[in-house]
Novice: 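One structure, pasted below without further comment.
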Amino acid sequence: MPVDADPADPASEDDAGSDGADPSADDALPINELFHSLQGEGRLAGVPSVFVRTSGCNLRCWFCDSYHTSWEPSHAWLGLDEIVAEVENYGADHVVLTGGEPLMHDESVTLLDRLDAAGYHTTVETNGTIYRDAPIDLASVSPKLASSTPSADLVAEGTPRPDGEPVDAAAAERHEADRLDLDALARLVETYDTQLKFVVTGPDDMAEIDQLVDRVRDAASATVADTDVLLMPEGTTRDALDGTRGTVAELALERGYRYTPRLHVDLWNDAPGT
Ligand SMILES: C[S@@+](CC[C@H](N)C(=O)[O-])C[C@H]1O[C@@H](n2cnc3c(N)ncnc32)[C@H](O)[C@@H]1O
Ligand SMILES: Nc1nc2[nH]cc(C(=O)O)c2c(=O)[nH]1
Ligand code: SF4
Ligand SMILES: [Mg+2]
């Protein structure tokens, strides 16, 4: 049974009531879902992979497609042995560690060590605000743009979140303050094979993307090719993507960046476990 934590207090997530392994143990992670699917996004799109989704996030994107890892986290605590055993059951050789923000958790490093030792290819989906030293084969970094912030306008208008609750001004301010960390981004790019995968809501996002890519190139000693920069249309349903994917594809073509689809939305409309 999943466990709900107080979304207004990210610290409480670590202390939330447990299901399964003891949350105070150093060999467990709060898991929102664990499933087998085709990688839907990025350079490895189409590759059969096991997804391990941790719960808890330091950001609050208004569009988050994993609402129950961020705004309203729910999870069961699973021991690392259990997680590895579940992964092995699926027989895939690629594992995607995602969230929420998986790099918030110390135990994610231990899990990656275990998966690496077992011979898996590991991708980590991260918002790029946290650096950790771990065996990561592909760092799939998705820095968050101004357009991800639950804006002051949204807060003032009381525009509801997907669960119908008004947006909390403090959460919006924290998100805006924390969404970018150039040092963490530069270290990720320098250390790992990295793709920078931006969620694009429209043409107005492009100036910030160009500027951020330039800043990362200046800060990091590693090269970031234009084809390591991926534009991904915002949208959690086929209908929503019908409205954004054409524009985003044109922007990628115009700018020389790479386009990435959201195959799991095209194929399964982002149903849980896909
Ligand atoms: C749920 S996040 C988890 C990993 C990490 N917190 C992050 O944001 O990169 C997984 C991926 O989904 C993307 N994403 C989340 N909501 C989205 C949406 N509405 N449309 C397109 N991509 C979205 C994120 O940018 C990220 O690349
Ligand atoms: N099929 C599929 N591919 C994905 N790639 C990244 C995902 C994520 O939520 O991090 C994801 C996901 O949730 N499903
Ligand atoms: S950083 Fe990722 S998990 Fe966190 S709110 Fe944004 S999209 Fe969701
Ligand atoms: Mg997803």
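Just follow the structure's listing: the first ligand is 1, and inside any ligand the first atom is 1. All values below come from the heavy atoms of this structure, side chains included, with hydrogens, waters and symmetry mates left out. Keep in mind that this is a model prediction, so the values were computed, not measured.
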Novice: Just go through Glu41, His264, Arg53 and tell me whose heavy atom is the nearest to atom 13 (O) of ligand 2.
Specialist: Arg53
Novice: Can an N or O of Trp268 be found at a distance shorter than 3.5 Å from an N or O of ligand 2?
Specialist: no
Novice: Is any NZ, NE, NH1 or NH2 atom of the basic residue among Arg238 and Asp270 found under 4.0 Å from an Asp or Glu carboxylate oxygen of the other?
Specialist: no
Novice: Would you indicate whether the side-chain heavy atoms of Asp178 and Leu59 approach each other to under 4.5 Å?
Specialist: yes
Novice: Using the six-membered ring wherever Trp is involved, compare the ring planes of Trp77 and His75 and label them parallel, tilted or perpendicular (cut-offs 30° and 60°).
Specialist: perpendicular
Novice: Taking only distance into account, with no hydrogens and no angle test, what donor-acceptor pairs under 3.5 Å do side-chain atoms of residues 116-123 form with protein atoms, sequence neighbours excluded?
Specialist:
| unit_1 | atom_1 | unit_2 | atom_2 | d |
| --- | --- | --- | --- | --- |
| Thr122 | OG1 | Pro135 | O | 2.9 |
| Thr122 | OG1 | Asp137 | N | 3.1 |
| Thr122 | OG1 | Asp137 | OD2 | 3.4 |

Novice: Report yes if some heavy atom in the side chain of Ile209 is under 4.5 Å from a heavy atom in the side chain of Pro143; otherwise report no.
Specialist: no
Novice: Do Thr69 and Arg53 make a side-chain contact, defined as non-hydrogen atoms from C-beta onward lying under 4.5 Å apart?
Specialist: yes
Novice: Consider every N or O of Thr98 and every N or O of ligand 2, then say whether any pair is closer than 3.5 Å.
Specialist: yes
Novice: Would you say Gly40 has any N or O atom under 3.5 Å from an N or O of ligand 2, going by distance alone?
Specialist: yes
Novice: Find the distance between CE (Met104) and SG (Cys57) and round it off to the nearest 0.5 Å.
Specialist: 7.0 Å
Novice: Do me a favour and list the nearest non-hydrogen protein atom to atom 11 (C) of ligand 2 with residue, atom name and distance?
Specialist: Phe51 CE2, 3.6 Å
Novice: Throw together a table of side-chain donor-acceptor distances under 3.5 angstrom for residues 240-252, partners on residues two or more places apart or in other chains.
Specialist:
| unit_1 | atom_1 | unit_2 | atom_2 | d |
| --- | --- | --- | --- | --- |
| Asp242 | OD1 | Arg245 | NH1 | 2.7 |
| Thr244 | OG1 | Glu234 | O | 2.9 |
| Thr244 | OG1 | Ala240 | O | 3.4 |
| Arg245 | NH2 | Asp266 | OD1 | 2.8 |

Novice: Using a side-chain heavy atom cutoff under 4.5 Å and only I, L, V, M, F, W and Y, what cluster partners does Val47 have?
Specialist: Leu44, Leu138
Novice: Can you tell me which portion of Thr274 lies within the under-4.0 Å heavy-atom range of ligand 2? Options are side chain, backbone, both, or neither.
Specialist: backbone
Novice: Between Glu125 and Lys197, is any pair of side-chain heavy atoms under 4.5 Å apart?
Specialist: yes
Novice: What's the shortest distance from atom 5 (N) of ligand 2 to any protein heavy atom, and which residue and atom give it?
Specialist: Gln39 OE1, 2.5 Å
Novice: Using a heavy-atom cut-off of under 4.0 Å, does the side chain or the backbone of Leu38 touch ligand 2, or both, or neither?
Specialist: backbone
Novice: In order of chain and number, which residues sit within 4.0 Å of ligand 1 by heavy atom?
Specialist: Glu41, Phe63, Cys64, Asp65, Ser66, Thr98, Gly99, Gly100, Glu101, Glu125, Thr126, Asn127, Ser142, Lys144, Lys197, Val199, Met232, Pro233, Glu234, Gly235, Thr236, Arg262
Novice: Does Gly99, backbone or side chain, put an N or O under 3.5 Å from an N or O of ligand 2?
Specialist: no
Novice: Between Ser66 and ligand 2, is there a nitrogen or oxygen pair with a distance under 3.5 Å?
Specialist: no
Novice: Could Asp181 and Arg187 be called an ion pair, given the rule that one side-chain N must be under 4.0 Å from one carboxylate O?
Specialist: no
